[in-house]
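Note that this is a predicted model, so its numbers are computed, not measured. We name chains A, B, ... by the order of the sequence lines, and we start the count at 1 in each one.
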Amino acid sequence: MHDLSFFRNNLDAIAARLVDRGFVLDVEEFRQADARRRAALTESEQLKAQRNAESMEISKLRKQGVDTSEHQQKVRQIGERITALDESVKEIDEAFKQRLAGIPNLAHESVPVGKNEADNVEVRRWGQPREFDFPVQPHWDLGPALGILDFERAAKVTGARFAVYFGLGARLERALINFMLDVHTREHGYTEVLPPFLVNSASLFGTGQLPKFAEDLFKIENTDYWLAPTAEVPVTNLLRDETVDGDKLPIKLCAYTPCFRSEAGSYGRDVRGIIRQHQFQKVELVKFTRPADSFAELDALTDDAEDILRRLGLPFRTVVLCTGDMGFSSAKTFDIEVWLPGQNGYKEISSCSCFEAFQARRAGIKWKTGKKAEPLHTLNGSGLAVGRTWVAIVENYQQRDGSVVVPEALRPYLNAERITPQAKLV
RNA sequence: GGAGAGAUGGCCGAGUGGUUGAAGGCGCACGCUUGGAAAGCGUGUAUAGGGGUAACUCUAUCGAGGGUUCGAAUCCCUCUCUCUCCGCCA
């Protein structure tokens with residue numbers, strides 16, 4: 001959500017920058033809508049001022065014992081006009097706010113201008129993809145063969161785009177979660193949070209998923225509860241409508257949660273394996289910072305996420321998303337992409353974004369030093385997507401015999417050096 | 001799930017239809033006082049949206065949304081949340 005007066009005063013420049021994001025703002029129409037809203041508000045408020053004054057008058061007259069029934073009749077009529085007028089005022093105001101809430105954030109000036117994924121810019125690369133002297137298998141073959149992954153039973157229990165993990169497969173997922181949380185809390189200074197996995201619509205509005213992206217979410221019938229699509233939502237909203245003392249910043253939180261996405265519109269993409277699921281597990285990093293620090297904090301947060309991959313010995317590259325490929329609320333986003341031999345390419349495993357005040361303004365999260373309170377900056381990033389890390393380990397560390405060597409850093413968590421075929425369930 | 005009690009400013013807390021955006025206290029800020037501090041005294045101390053170069057002014061907000069009324073923090077309805085007791089449950 002943009003600051004209205006700033007937006008209004010810089011309309012043309014903002015519209016020009018929104019074009020880079022692929023968002024066309026009809027400036028003239030916006031001006032008219034804005035003017036219409038203001039005119040409606042002014043008219044309604046003037047009537048209300050009149051009514052208030054008249055009511056006060058009635059109060060005085062009554063104390064003097066004067067009959068006021070005529071007066072009351074007159075004010076009642078004003079009231080009726082207000083009621084009628086307010087209906088359209090409300091409509092105009094809500095339409096205007098919806099429109100404003102539907103305008104994406106501006107990209108930071110350091111973000112490359114581009115149309116789509118192809119225009120993203122690689123900023124660094126770490127590790128050498130391993131050379132295999134045998135045919136590599138994708139995880140959707142390796143997993144079921146090892147007896148650690150089962151798609152058929154998941155489809156029976158729930159449906160497509162779900163998976164079941166067995167034995168060392170399940171333990172690998174759990175080990176990764178613990179490993180990531182330990183690194184971030186013990187070495188990167190984050191405080192662990194275990195938030196609710198269901199969130200309400202006010203929270204989803206705060207972080208920008210609503211009102212525009214409802215179709216990407218699962219909603220619980222007959223309630224205002226939604227399955228969280230990312231821990232960003234519950235964790236960022238922990239501070240909704242709160243004001244934080246400046247000396248508390250930055251606040252660094254990390255959380256493990258499952259994430260639920262409807263994946264509407266992604267039919268045919270990543271249909272095989274567990275790359276794109278309706279439910280996946282993620283460890284998320286969230287920061288609340290002073291505005292002056294946010295982009296330095298974004299670099300640090302991205303490095304914290306990359307650190308997990310370095311410790312696991314998984315090759316990756318980091319790209320900065322171009323203006324056309326960024327998410328709705330973000331001002332700047334780095335994607336970390338891990339090397340997946342099964343796909344012979346790099347695949348997104350973390351997305352680290354600075355939202356500047358865009359979310360904080362929506363969610364009413366402020367900070368203050370001394371007297372004035374203003375929106376702070378919010379950031380978040382995956383640290384990491386657990387399922388895709390699982391895939392990266394299985395594929396990168398696969399052996400000729402179909403087993404998987406467990407990376408050194410994970411062995412204390414998994415209590416195993418190698419993943420070998422598990423006993424059949426039945 | 002059943003019964004009851006609550007929700008007021010940064011905090012505590014008064015307020016059951018008429019200058020109440022809201023007493024009083026605490027906290028905070030500034031000033032006076034002081035050798036300095038404390039105490040004391042004085043002044044100020046919400047947010048959002050309109051209008052205005054500005055001084056300033058208008059509107060809304062006492063959990064949320066409706067309603068009654070000339071007028072609602074106060075009355076009525078619905079909902080949400082918190083607390084207590086009972087039931088149930090991991």
Return the nucleotide paired to [N]: Watson-Crick means purine N1 to pyrimidine N3 with N6-O4 or O6-N4, wobble means G-U with N1-O2 and O6-N3, both under 3.5 Å.
{"N": "B:U45", "answer": "B:G27"}
{"N": "B:A22", "answer": "none"}
{"N": "B:A7", "answer": "B:U80"}

Taking [atom1] from [X] and [atom2] from [N], how many angstroms apart are they, rounded to a whole number?
{"X": "A:D93", "N": "B:A60", "atom1": "CG", "atom2": "C1'", "answer": "11 Å"}
{"X": "A:K63", "N": "B:G17", "atom1": "NZ", "atom2": "P", "answer": "13 Å"}
{"X": "A:L85", "N": "B:G50", "atom1": "CG", "atom2": "P", "answer": "17 Å"}

The correct set of residues in residues 35-49 of chain A placing a heavy atom under 4.0 Å from RNA chain B is A:R37, A:R38, A:L41, A:T42, A:E45, A:K48, A:A49
Among residues 235-245 of chain A, which residues get a heavy atom nearer than 4.0 Å to RNA chain B?
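Under 4.0 Å from RNA chain B: no residue of residues 235-245 of chain A.
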Find every protein N or O atom lying less than 3.5 Å from an N or O atom of nucleotides 69-73 of chain B, and list the pairs.
{"from": "B:C70", "atom 1": "OP1", "to": "A:R76", "atom 2": "NH2", "distance (Å)": "2.3"}
{"from": "B:C70", "atom 1": "OP2", "to": "A:R76", "atom 2": "NE", "distance (Å)": "3.0"}
{"from": "B:C70", "atom 1": "OP2", "to": "A:R76", "atom 2": "NH2", "distance (Å)": "3.3"}
{"from": "B:C70", "atom 1": "O4'", "to": "A:Q72", "atom 2": "O", "distance (Å)": "3.4"}
{"from": "B:C70", "atom 1": "O2'", "to": "A:S55", "atom 2": "OG", "distance (Å)": "3.1"}
{"from": "B:C70", "atom 1": "N4", "to": "A:R62", "atom 2": "NH1", "distance (Å)": "3.3"}
{"from": "B:C70", "atom 1": "N4", "to": "A:R62", "atom 2": "NH2", "distance (Å)": "3.2"}
{"from": "B:G71", "atom 1": "O4'", "to": "A:S55", "atom 2": "OG", "distance (Å)": "3.2"}

Under 3.5 Å, side-chain donor or acceptor atoms of residues 291-305 of chain A against the rest of the protein: list the pairs with distances, not counting sequence neighbours.
{"from": "A:S294", "atom 1": "OG", "to": "A:P291", "atom 2": "O", "distance (Å)": "3.3"}
{"from": "A:S294", "atom 1": "OG", "to": "A:H377", "atom 2": "ND1", "distance (Å)": "2.8"}
{"from": "A:E297", "atom 1": "OE1", "to": "A:K287", "atom 2": "NZ", "distance (Å)": "2.6"}
{"from": "A:T302", "atom 1": "OG1", "to": "A:L298", "atom 2": "O", "distance (Å)": "2.8"}
{"from": "A:D303", "atom 1": "OD1", "to": "A:R310", "atom 2": "NH2", "distance (Å)": "3.3"}
{"from": "A:D304", "atom 1": "OD2", "to": "A:Y190", "atom 2": "OH", "distance (Å)": "2.7"}

What protein N or O atoms touch nucleotides 7-10 of chain B N or O atoms at under 3.5 angstrom, if any, and at what distances?
none

Listed pairs under 3.5 Å, donor-acceptor, residues 415-424 of chain A side chains, sequence neighbours left out:
{"from": "A:R418", "atom 1": "NH1", "to": "A:S403", "atom 2": "OG", "distance (Å)": "2.7"}
{"from": "A:Q422", "atom 1": "OE1", "to": "A:L168", "atom 2": "N", "distance (Å)": "3.2"}
{"from": "A:Q422", "atom 1": "NE2", "to": "A:T420", "atom 2": "O", "distance (Å)": "2.8"}

Could you pull out the protein-nucleic contacts involving nucleotides 64-66 of chain B (nitrogen or oxygen on both sides, under 3.5 Å)?
{"from": "B:G66", "atom 1": "OP1", "to": "A:K90", "atom 2": "NZ", "distance (Å)": "3.3"}

In whole Å, what separates the [atom1] atom of [N] from that of [M]?
{"N": "B:A39", "M": "B:A23", "atom1": "P", "value": "24 Å"}
{"N": "B:G13", "M": "B:G9", "atom1": "P", "value": "11 Å"}
{"N": "B:U59", "M": "B:A22", "atom1": "P", "value": "13 Å"}

With ring-ring contact (aromatic ring centres under 6.0 Å, His included) as the rule and sequence neighbours excluded, what pairs involving residues 71-106 of chain A come up?
A:F30-A:F96
Sequence neighbours excluded, the answer for side-chain hydrogen bond (donor to acceptor under 3.5 Å, both in side chains) partners of A:Q77 is none
Looking at residues at least two apart in the chain, or sitting in another chain, which of them share a side-chain hydrogen bond (donor to acceptor under 3.5 Å, both in side chains) with A:T83?
none
Listed partners of A:E43 passing salt bridge (Lys or Arg N to Asp or Glu O under 4.0 Å), at least two apart
none
Is the count of non-hydrogen atoms from other residues, nucleotides or ligands lying under 6.0 Å from A:E215 atom CD greater than 12?
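Above 12, so yes.
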Pair up each side-chain donor or acceptor in residues 16-24 of chain A with any protein partner under 3.5 Å, not counting sequence neighbours, and list the distances.
{"from": "A:R17", "atom 1": "NH2", "to": "A:A107", "atom 2": "O", "distance (Å)": "2.6"}
{"from": "A:R21", "atom 1": "NH1", "to": "A:N105", "atom 2": "O", "distance (Å)": "2.7"}
{"from": "A:R21", "atom 1": "NH1", "to": "A:S330", "atom 2": "O", "distance (Å)": "3.1"}
{"from": "A:R21", "atom 1": "NH2", "to": "A:M326", "atom 2": "O", "distance (Å)": "3.1"}
{"from": "A:R21", "atom 1": "NH2", "to": "A:G327", "atom 2": "O", "distance (Å)": "2.6"}

